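Before any comments, here is the structure.
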Amino acid sequence: LVTQTCARNFSVSGKSVDSSDGLSEEHRAVQSMASDFARKELAPGRDKWDEEESFPKEVLREAAALGFGGVCVREARGGSGLSRLHASLIFEALSAGCTSTTAYLSIHNMCAWMVDEFGGSHHDETVRQMCSMEKFGSYCLTEPGAGSDAAALSTSARRDGNEYVLNGSKAFISGGGETDVYVVMVRTGGSGPKGVSCVLVEKGTPGLSFGKKERKVGWNSQPTRAVIFEDCRIPVSNLVGKEGQGFSIAMLGLNGGRINVASCSLGAAQQSLELAGEHLLVRKAFGKRLADFQHLQFELADMASQLLASRLMVRYAAQALDNGASNKVALCSMAKLFATENCFQLCDRALQLYGGYGYLKDYAVQQFMRDTRVHRILEGTSEIMKLIVARELLSDS
């Protein structure tokens, strides 16, 4: 199939939506390394992992060997010590190969950063193992009764001597059941965000169990399960940060997480645009190429504009996060909102340009569309992103 895996005749290199445009040589080198890995290691397995719902751990460990397991983790703890902008470039490039697998990697990176940033020296080995992906991480915030209202979480951690006893459950956990380190937000105090703490729970801990593997529309190369705690005892030393700091840690992690998932949307959209352009060049109707129809030219121009605007917003927000800008939370929320909404629409429009072929699993555009749909929900829904932006705009300060 001419357009199944990658564009051949249609290229955006050197054009207005070239993803390397405006980057420094150092940034381009990092991006190029990620793009090479995506092309050689992720894209060839994408269809198989989706169809079989298999979790490609060894391929992820190969990505970690390139430094992609702990992109923003300090070098002293085994990470790459790179910026949020670097991370955005990496996840965008990798996502063009397999969006689902890259999205899991981005969540793992968020977990590793949280433990590195707020964990004590006794967590050094865990961070190193996460950076090498000897151990895989999962982020556990959402509960069956606490989704967007995350501060209402009820999973409890009762202090009993030198241990916490956990009871409760988490929902929709990426990697659940197959990962090794669960970064869990629990209630150690009263109601509201100040009663939340962050703890680590290792796979195999007595009292830790998992629900059934969820059947999903996309993101099939990573398992999703409920994570269940029933009198699950962990040492107090598994606390990350201080008691009562957990909600803040979770939200700080999500600032980077939102940039990461938006970047994954960019990679899927870029690849979908290239596939659509290739299809317009080779497909004929009414005696001429689809590319010769002005309406479809306008459609492609709209898609390219959506992509570039999304990319510029994501990279601007990533730099704001790197610089500690006072408006970084709102900018990350804007970027996540704009990029995930527009990039999903772009992937859907690419499918439409394929006509009936786009609805077949022989063609990659349908998988990019399926995999990016959930980006508008996780790491904060589009509606919550709007709330965050509106509150910043209407605040007194």
Side-chain angles (χ1 to χ4, degrees), residues 55-84 86-87 90 104-141 155 157 159-166 170 173-186 188 196-210 222-223 227 229 232-246 248-250 252-254 256-257 260:
F55 190 30
K57 284 189 171 182
E58 291 309 312
V59 174
L60 285 164
R61 289 193 174 109
E62 291 174 17
L66 296 176
F68 299 155
V71 176
C72 297
V73 173
R74 287 171 286 182
E75 291 182 86
R77 276 181 152 179
S80 297
L82 298 177
S83 67
R84 295 293 182 180
H86 284 101
I90 289 167
Y104 168 74
L105 182 61
S106 79
I107 294 168
H108 171 88
N109 267 263
M110 178 173 66
C111 293
W113 177 84
M114 290 165 66
V115 183
D116 175 45
E117 186 72 12
F118 299 101
S121 58
H122 57 290
H123 291 131
D124 283 356
E125 185 59 24
T126 297
V127 176
R128 289 192 182 93
Q129 291 173 325
M130 292 180 78
C131 289
S132 67
M133 298 194 81
E134 177 184 342
K135 289 186 175 180
F136 288 69
S138 287
Y139 179 78
C140 303
L141 175 63
T155 297
R159 182 76 179 259
D160 184 21
N162 291 323
E163 294 180 317
Y164 288 114
V165 184
L166 277 60
K170 299 293 181 177
I173 304 306
S174 294
E178 296 191 37
T179 49
D180 309 287
V181 180
Y182 295 85
V183 182
V184 188
M185 306 309 143
V186 296
T188 54
V196 177
S197 299
C198 178
V199 298
L200 302 183
V201 182
E202 296 265 352
K203 186 177 182 181
T205 302
L208 171 65
S209 62
F210 307 96
Q222 49 170 298
V227 177
F229 308 97
C232 179
R233 289 180 173 269
I234 61 170
V236 169
S237 59
N238 282 22
L239 179 70
V240 177
K242 300 175 182 178
E243 279 199 6
Q245 193 182 6
S248 174
I249 292 172
L252 290 169
L254 283 175
N260 292 348

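All of these numbers come straight from a predicted model, not from anything done at the bench. We're numbering straight along the sequence, starting at 1.
Atom OG of residue Ser138 and atom CD of residue Glu178 lie 9.5 Å apart, to the nearest 0.5 angstrom. Leu141 CG to Met185 CE: the interatomic distance, rounded to the nearest 0.5 Å, is 6.5 Å. For the atom pair SG (Cys72) and CD (Glu117), the distance works out to 10.0 Å, reported to the nearest 0.5 Å. Residue Asn238 holds its CG atom at 5.5 Å from NE2 of His123, rounded to the nearest 0.5 Å.
Of the listed residues (Val240, Leu166, Thr188), just one forms a side chain to side chain contact (heavy atoms under 4.5 Å, CB included) with Val199, and that residue is Leu166.
With sequence neighbours excluded, no residue forms a side-chain hydrogen bond (donor to acceptor under 3.5 Å, both in side chains) with Asn162. Partners of Tyr139 under the side-chain hydrogen bond (donor to acceptor under 3.5 Å, both in side chains) rule, at least two apart in sequence or in another chain, do not exist in this structure.
Pairs engaging residues 62-78 under the salt bridge (Lys or Arg N to Asp or Glu O under 4.0 Å) rule: Arg74-Asp116, Arg77-Asp116, Arg77-Asp124 [sequence neighbours left out].
For the pair Ala112 and Gly69, the tightest heavy-atom approach, listed with the atom from each and the gap, is CB-O, 4.2 Å.
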After noting the C-alpha distance and the side-chain angles of Glu243 and Ser197, does the key distance pass the side chain to side chain donor-acceptor pair (under 3.5 Å) rule? CA-CA 5 Å; Glu243 279 199 6; Ser197 299; 5.1 Å; no
Would you please test Val73 and Val127 for side chain to side chain contact (heavy atoms under 4.5 Å, CB included) and show each step? CA-CA 8 Å; Val73 173; Val127 176; 3.6 Å; yes
Trace of the side chain to side chain contact (heavy atoms under 4.5 Å, CB included) decision for Phe229 with Thr205: CA-CA 10 Å; Phe229 308 97; Thr205 302; over 6 Å; no
What's the verdict on ring pair (Phe, Tyr, Trp, His ring centres under 6.0 Å) for Phe210 and Tyr182, showing C-alpha distance, side-chain angles and the deciding distance? CA-CA 12 Å; Phe210 307 96; Tyr182 295 85; 5.5 Å; yes
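Side-chain contact between Thr126 and Glu202 is present, with heavy atoms from C-beta onward closer than 4.5 Å. Residues Leu200 and Ile234 fail the side-chain proximity criterion, which asks for heavy atoms closer than 4.5 Å. Residues Val186 and Val196 fail the side-chain proximity criterion, which asks for heavy atoms closer than 4.5 Å.
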